[in-house]
Amino acid sequence: MKKLYLIGNLKMNMTRDEIVPYLDEYIKVANGADNVTGICVPYVYLCKTAKIIKGSKALWGVQNMNSEEKGAYTGEISPKMLQDFDTKLVIIGHSERRQMYNETDESVNKKVKVALAYGYTPIMCFGETLDEREGGKHFDKVRKQIELGIDGVTKEDVTKMIFAYEPIWAIGTGKTATSAEAEEIIKYAKDIIANKYGLEHKDIIMLYGGSLKPSNAKEILSQPDIDGGLIGGACLKMEDFKSIIYTNVE
Ligand code: PGA
């Protein structure tokens, strides 16, 4: 059986009264799972999450971080601060941050390298817009994001990363890439990394994200190069998240 990585991204959802019972339920689900699972929470719940998740099988982390250690960066959270919480995962370069907060391939690259230096597992997101796909530019876009995103990352470190292909047109839209479309790009992206470092596809962890839900999880996650999923909307309902976490594929 293939061991999958199924990571939830809570985005800017939940209040304290909601997240506590949610995490209580989540650790039960995670402890019973054969797959690897993790959850990326809003910063304000770092303390609560660290306490609730401690001792469970679940991985956890955040949805962004600054690449600087400290200083005059109003409103930002540094990699050093996250060390106080035993955080493992850091989503970097999510398309919502690239589009709404002007993150670039260069800033993503800087954050990836800093996250690795601090011992975190960066989940580096990449993916094309609908216009780019319809214009046949999706392969070029993905190549550029991957090449610039991992520029200067060592061979050893690249195998510690998690990559997530998230076509922007499929995020939160209910529109999912077909399993063939997702596999095609993920295979292509793994080829780029494998060729650069002399690695095999099995050495690279790459997830699919974009309207992943119980009804399409098995089909997508069964693809040979897809190692799991980054789950937004569907992780907000524990019943749906659990069903995805418990997906078994050969
Ligand atoms: P979605 O989000 O599952 O709601 O499409 C995925 C993501 O943005 O990581």
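Atoms within each ligand, like the ligands themselves, are counted from 1 in listed order.
The N/O atoms of Gly233, backbone and side chain alike, include one that comes under 3.5 Å of an N/O atom in ligand 1. Backbone and side-chain nitrogen or oxygen atoms of Glu166 are examined, and one is located within less than 3.5 angstrom of a nitrogen or oxygen of ligand 1. The shortest N or O to N or O distance between Thr173 and ligand 1 is not under 3.5 Å. Residue Gly232 has at least one N or O atom closer than 3.5 Å to an N or O atom of ligand 1.
Residue contact check: Asn9 has heavy atoms under 4.0 Å from atoms 9 (O) of ligand 1. Close contacts of ligand 1 with Gly210, meaning ligand atoms under 4.0 Å from a residue heavy atom, involve 5 (O).
Using a 4.0 Å cutoff on heavy atoms, Gly172 counts as a contact of ligand 1. Contact analysis leaves Cys125 out of contact with ligand 1, as no non-hydrogen atom separation drops below 4.0 angstrom. Judged by the shortest distance from any of its heavy atoms, His94 lies inside the 4.0 Å radius around the atoms of ligand 1. Not a single heavy atom of Ala234 sits under 4.0 Å from any atom of ligand 1.
At the shortest separation from atom 2 (O) of ligand 1 among protein heavy atoms lies Lys11 NZ, 3.3 Å.
Of all the heavy atoms of Ile171, the ones lying under 4.0 Å from any atom of ligand 1 are found in both the backbone and the side chain. Heavy atoms of Ala170 found under 4.0 angstrom from ligand 1 belong exclusively to the backbone.
Side-chain atoms of Thr87 come within 3.5 Å of backbone atoms of Leu82 as a donor-acceptor pair (strictly under, hydrogens ignored). At distances below 3.5 Å, not a single donor-acceptor pair connects side-chain atoms of Arg98 with backbone N or O atoms of Glu103.
Within the set Ala164, Ser211, Gly229, the minimum heavy-atom distance to atom 5 (O) of ligand 1 is found for Ser211.
Rounded to the nearest 0.5 Å, atoms CD (Glu132) and NE2 (His138) are 10.5 Å apart.
Under the 30°/60° scheme for interplanar angles, the aromatic rings of Phe241 and Tyr26 are found to lie parallel.
A salt bridge links Lys160 with Asp157: the closest approach of a Lys/Arg side-chain nitrogen to an acidic carboxylate oxygen falls below 4.0 angstrom. Of the charged side-chain nitrogens involved, at least one lies within less than 4.0 Å of a carboxylate oxygen, so that Asp105 and Lys144 count as a salt-bridged pair.
If you run salt bridge (charged side-chain N to carboxylate O under 4.0 Å, His left out) between Asp227 and each of Lys190, Lys202, Lys187, only Lys190 comes through. Looking at Ile205, Ile123, Ile204, Val112 one by one, the single match for side chain to side chain contact (heavy atoms under 4.5 Å, CB included) with Met161 turns out to be Val112.
Both cation-pi conditions hold for Lys242 and Tyr246: the charged atom is under 6.0 angstrom from the six-membered ring centre and inside a 45 degree cone around its axis.
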